[in-house]
Peer 1: 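Structure incoming, see below.
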2 protein chains.
Amino acid sequence: MARFVRAFGLHQPDRTPCGTPVPVSEAHALGELAREGELRQVELVHRLRLEKSTTSRIVAQLVRRGWAERAAAPGDGRGVLLRLTAEGHQAAERLAEARRTRFDAALDRIPAGEREAVMRALAVLTKAVDD
Amino acid sequence: MARFVRAFGLHQPDRTPCGTPVPVSEAHALGELAREGELRQVELVHRLRLEKSTTSRIVAQLVRRGWAERAAAPGDGRGVLLRLTAEGHQAAERLAEARRTRFDAALDRIPAGEREAVMRALAVLTKAVDD
DNA sequence: CGACATGGTTCGACCGTACAACCACCTGAT
DNA sequence: ATCAGGTGGTTGTACGGTCGAACCATGTCG
């Protein structure tokens, strides 16, 4: 496990393991938003497992980069609804591309017959770890 | 993958995912030293995938805690040979215990028939990711 | 003997995260 | 209708892990 963390480069939180100079948490936020389309900020807190203060800053950073925009949440005057801008979607796509490249390279080193089993195992492990 | 990182708590580098209030990198260093007995500091640099400056600081921290001690490397006046103290071994054991607890809990949530396959898959993936 | 490489340390800067305090808004009970 | 307590967000502050560069000592090779 420890080996995996180091090999994957997870100990450097301000750089994506896939080589992109974007903080890991920001990349994750971008990914969630890209998949969901819209997201309440509080939902992002839960998915990213961060404090709301940290999440607030990350969102501010995304907005500053021009990747996301805040809107009022429908039916709740307190909430913030997040949405990716056009540039945000492009950035997410670039990130996904880098991720694909990185993973393809890794998968190449896994015997073809085992690939699917490994991917499924990772999903199982994630679910098991997730309390 | 991203889900796994968040679920496992890897985004918080100053706390072990297993609940111990010890920085992740320090825990990894402790683990390597416990397994190897002795280790050159430069070897730790490679295994931890850190800069030598960062490694130096981590070692200093271990020494400060009374968990490790530096010695001259045999046959090389520049090098530093690292060794765990008695307290260091105890600390490593406590860490291993916490890890075991955490993993057992996770493994309990994996169908018995799949456990071995999942563990093997993780090893395969680590090797594949490791350039 | 001199040039370059290697192992370590120290210094400075950056940045991600948590915690606390605070505000705005919502909700439910009286 | 009102007030208490809960929830969503922001800002200030502190902490700490990591890197890069400068520097030193030691080893190595021509």
Side-chain angles (χ1 to χ4, degrees), chain A residues 2 5-6 8-17 19-30 33 38-65 68-83, chain B residues 2 5-6 8-17 19-30 33 38-65 68-83:
Chain A
V5 170
R6 318 307 300 197
F8 199 49
L10 254 21
H11 55 88
Q12 194 165 349
D14 60 341
R15 240 173 200 70
T16 276
T20 324
V22 171
V24 173
S25 287
E26 249 176 83
H28 287 173
L30 207 58
L33 282 170
E38 297 180 334
L39 221 46
R40 284 290 304 268
Q41 182 162 318
V42 63
E43 182 57 27
L44 211 51
V45 166
H46 295 140
R47 303 210 185 185
L48 263 37
R49 259 101 165 173
L50 291 171
E51 285 299 312
K52 52 185 184 173
S53 58
T54 307
T55 306
S56 174
R57 273 180 249 274
I58 287 180
V59 169
Q61 181 64 20
L62 291 181
V63 171
R64 202 172 307 126
R65 292 190 202 257
E69 53 193 10
R70 302 184 221 234
D76 193 333
R78 303 165 298 176
V80 166
L81 190 67
L82 302 170
R83 207 186 333 256
Chain B
V5 170
R6 316 307 302 194
F8 198 50
L10 255 21
H11 54 87
Q12 195 166 346
D14 61 340
R15 240 173 198 70
T16 275
T20 326
V22 171
V24 174
S25 288
E26 247 175 87
H28 288 172
L30 207 59
L33 282 171
E38 297 180 333
L39 222 46
R40 286 289 305 270
Q41 183 162 318
V42 62
E43 182 57 27
L44 211 52
V45 167
H46 295 140
R47 303 210 186 184
L48 263 37
R49 259 99 163 173
L50 292 172
E51 285 300 313
K52 52 183 183 174
S53 58
T54 307
T55 306
S56 172
R57 195 184 150 289
I58 286 180
V59 169
Q61 182 64 21
L62 291 181
V63 171
R64 201 172 307 125
R65 293 190 200 257
E69 53 192 10
R70 302 185 223 236
D76 193 333
R78 303 165 299 177
V80 166
L81 190 67
L82 301 170
R83 208 189 332 259

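Throughout, a chain's letter reflects where its sequence line sits, starting with A, and its residues are numbered from 1.
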Peer 1: Examine D:dT18: is either OP1 or OP2 under 4.0 Å from a nitrogen or oxygen in the side chain of B:T54? Give yes or no.
Peer 2: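 False: B:T54 side-chain N/O out of range (4.0 Å or more) of D:dT18 OP1/OP2.
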Peer 1: Nearest of D:dG17, D:dT7, C:dT9 to any side-chain atom of B:D14?
Peer 2: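 The closest nucleotide is D:dG17.
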Peer 1: Counting side-chain heavy atoms from C-beta on, which of C:dT9, D:dT18, C:dG16 comes nearest to B:K52?
Peer 2: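 Comparing C:dT9, D:dT18, C:dG16 against the side chain of B:K52, the answer is C:dT9.
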Peer 1: Round to a whole Å and report the spacing from CZ of A:R57 to P of D:dG12.
Peer 2: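 Going from CZ in A:R57 over to P in D:dG12 covers 9 Å.
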Peer 1: Is there a donor-acceptor pair under 3.5 Å between the side chain of B:R83 and the backbone N or O of B:E38?
Peer 2: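 Checking the backbone N and O of B:E38 against the side chain of B:R83, no donor-acceptor pair under 3.5 Å is found.
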Peer 1: Can you find a pair of side-chain heavy atoms, one from A:L62 and one from A:E26, that are under 4.5 Å apart?
Peer 2: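 A side-chain contact under 4.5 Å exists here.
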Peer 1: What is the separation between atom CD on B:E51 and atom P on C:dG12, rounded to the nearest whole Å?
Peer 2: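 Rounded to whole Å, this separation is 19 Å.
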Peer 1: Taking NE2 from A:H11 and C1' from D:dT18, how many angstroms apart are they, rounded to a whole number?
Peer 2: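 Interatomic distance, NE2 of A:H11 to C1' of D:dT18: 10 Å.
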Peer 1: Quick check for you: among C:dT9, D:dC19, C:dG7, whose closest atom lies nearest to any side-chain atom of B:V42?
Peer 2: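 The closest nucleotide is C:dG7.
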Peer 1: Give one of base, sugar-phosphate or nothing for A:R70, where a contact means two heavy atoms less than 4.0 Å apart.
Peer 2: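 It contacts sugar-phosphate atoms only.
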Peer 1: Find the distance A:R15:CZ to C:dC15:P and express it as a whole number of Å.
Peer 2: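 From A:R15 CZ to C:dC15 P: 11 Å.
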Peer 1: Base, sugar-phosphate or nothing for A:S25? Non-hydrogen atoms, less than 4.0 Å.
Peer 2: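 Sugar-phosphate, backbone atoms only, no base.
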Peer 1: Considering all heavy atoms of both residues, which atom of A:P17 and which atom of A:L10 are nearest to each other, and what is their separation?
Peer 2: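 Answer, listing the atom of A:P17 first, then A:L10: CG-CD1, 3.4 Å.
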Peer 1: The side chain of B:P13 lies closest to which of these nucleotides: D:dT10, D:dG17, C:dG8?
Peer 2: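 Minimum distance to the B:P13 side chain belongs to D:dG17.
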Peer 1: When all nucleic acid strands are considered with a 4.0 Å heavy-atom cut-off, which category describes B:R40: base, sugar-phosphate, or nothing?
Peer 2: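 Counting heavy atoms under 4.0 Å across all strands, the contact made by B:R40 is with sugar-phosphate only.
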Peer 1: Establish, with yes or no, whether the OP1 or OP2 oxygen of C:dT9 is under 4.0 angstrom from a side-chain nitrogen or oxygen of B:Q41.
Peer 2: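 Checking B:Q41 against C:dT9: at least one side-chain N or O falls below 4.0 Å of OP1 or OP2.
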Peer 1: Nearest to the side chain of B:R78, which nucleotide is it out of D:dG9, C:dA20, D:dG27?
Peer 2: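 So the side chain of B:R78 is nearest to D:dG27.
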Peer 1: Check whether any side-chain heavy atom of A:L81 sits under 4.5 Å from a side-chain heavy atom of A:R70, and report yes or no.
Peer 2: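 A side-chain contact is absent here, since even the closest heavy-atom pair is not under 4.5 Å.
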Peer 1: Whole angstrom is fine here: how far is it from CG in A:L50 over to P in D:dG8?
Peer 2: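 Whole-Å distance recorded here is 16 Å.
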Peer 1: Using 0.5 Å steps for rounding, measure from the OG1 atom of A:T54 to the CZ atom of A:R49.
Peer 2: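 Answer for the OG1-CZ pair, A:T54 versus A:R49, is 15.0 Å.
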Peer 1: Please compare A:R6 and B:G77 by the position of their nearest nucleotide in DNA chain D and report the one closer to 5'.
Peer 2: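 By nearest-heavy-atom nucleotide position, the 5'-most residue is A:R6.
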Peer 1: Indicate yes or no: at least one non-hydrogen side-chain atom of A:H11 is less than 4.5 angstrom from one of B:H28.
Peer 2: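 No, side chains not in contact.
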Peer 1: Quick check for you: among C:dG8, D:dT11, D:dT18, whose closest atom lies nearest to any side-chain atom of A:S53?
Peer 2: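 That would be D:dT11.
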Peer 1: Between C1' on D:dG8 and CG on A:L81, what's the gap in Å once rounded to a whole number?
Peer 2: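 For the pair A:L81 CG and D:dG8 C1', the rounded distance is 13 Å.
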Peer 1: Is the shortest side-chain N/O distance from B:Q12 to OP1 or OP2 of C:dA18 below 4.0 Å?
Peer 2: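 Yes, within the criterion.
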Peer 1: Between C1' on D:dT11 and CD1 on A:I58, what's the gap in Å once rounded to a whole number?
Peer 2: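 That distance rounds to 16 Å.
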Peer 1: D:dT28 C1' sits how many Å from B:D76 CG, rounded?
Peer 2: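 About 11 Å, once rounded to whole Å.
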